[in-house]
**Q** 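Questions regarding the structure given below will be posed in turn.
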Amino acid sequence: MNYWLVKTEPESYSLGDLERKGEDCWDGVRNHQARNFMAKMNPGDLVFVYHSGKQKALVGMAKVISEPYSDPKAEEGEKWLAVDLRFETNLPKHVGLAAIKAADSLQDLLLIRQSRLSVMPITSSEAETLLKMANS
DNA sequence: GCCAACGTTGGC
DNA sequence: GCCAACGTTGGC
């Protein structure tokens, strides 16, 4: 099982929107590196959801429930990917960007190293650390 | 193929 | 509101 982190601007699409729908299509990713990561997603993978902008924090978990498929909103001739996510949980404690930056074991997170990337992999030990921070 | 100009993202 | 990072566009 793999862990991922996806970023979203809550003003345009928030974790709450996903929670209300239960399941939804995660589309609109228009960055090649992010697309290449999406291609490696598998059903059952867990996804940390990050709110950019004012919150700058991990706010919840979702689960990948489909294979990656061609983004239905992609323009003609363009190959982008989408995946279906199901809402899992709101994190008991939001894990803020500042806290992530302050954690020695999270310095390799692409969230820090590449601030504009919107889909990225998380190692299982990083996931463990983040989940501890979210539950303590 | 290079590079300047410009647009977008996202943190500060 | 500003700026850094980075992608895209278009002239040459």
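Remember, predicted model here, so these are calculated numbers, not experimental data. A note on names: the letters A, B, ... follow the listed sequences, proteins ahead of strands, and every chain is numbered from 1.
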**Q** Parallel, tilted or perpendicular for Phe48(A) and Tyr3(A), by the 30°/60° rule?
**A**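 Tilted, since the angle between the ring planes falls between 30° and 60°.
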
**Q** What is the distance from NE2 of His51(A) to P of dT9(B), rounded to the nearest Å?
**A** 16 Å

**Q** Look at the side-chain N and O atoms of Lys56(A) and state whether any lies under 4.0 Å from the OP1 or OP2 oxygen of dT9(B).
**A** no

**Q** Starting from C1' on dT9(B), measure out to OH on Tyr13(A) and report it in whole angstrom.
**A**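 In whole Å, dT9(B) C1' lies 20 Å from Tyr13(A) OH.
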
**Q** Which atoms form the tightest heavy-atom contact between Ser105(A) and Glu126(A), and what is the distance?
**A**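 Of all heavy-atom pairs spanning Ser105(A) and Glu126(A), the closest is O-CG, 4.2 Å.
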
**Q** Nearest to the side chain of His32(A), which nucleotide is it out of dC6(C), dG11(B), dT8(C)?
**A**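 Side chain of His32(A) sits closest to dT8(C).
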
**Q** Calculate the interatomic distance between Glu11(A) atom CD and dG10(B) atom P; express it in whole Å.
**A**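 These atoms are roughly 11 Å apart.
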
**Q** Going through the checks in order, is the side chain to side chain contact (heavy atoms under 4.5 Å, CB included) test met by Lys40(A) and Trp4(A)?
**A** CA-CA 10 Å; Lys40(A) 296 181 185 169; Trp4(A) 307 94; 3.8 Å; yes

**Q** In whole angstrom, give the distance that lies between atom CZ of Arg30(A) and atom C1' of dG7(C).
**A**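 Result: 15 Å.
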
**Q** Quick one: is Tyr50(A) getting a side-chain N or O under 4.0 Å of the dG11(B) phosphate, OP1 or OP2?
**A** yes

**Q** For the atom pair CD1 (Ile112(A)) and CG (Leu106(A)), what is the distance rounded to the nearest 0.5 Å?
**A**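 Here the rounded value is 6.5 Å.
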
**Q** Does a side-chain N or O of Lys7(A) approach OP1 or OP2 of dG10(B) to a distance below 4.0 Å, or not?
**A** yes

**Q** Would you mind reading off the distance between Arg116(A) atom CZ and dT8(B) atom C1', rounded to a whole angstrom?
**A** 5 Å

**Q** Please give, in whole Å, the distance from dG10(B) P to Gln55(A) CD?
**A**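 After rounding, the reported distance stands at 14 Å.
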
**Q** Can you check the Gln114(A) CD to dT9(B) P distance for me, whole Å?
**A**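 For the pair Gln114(A) CD and dT9(B) P, the rounded distance is 16 Å.
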
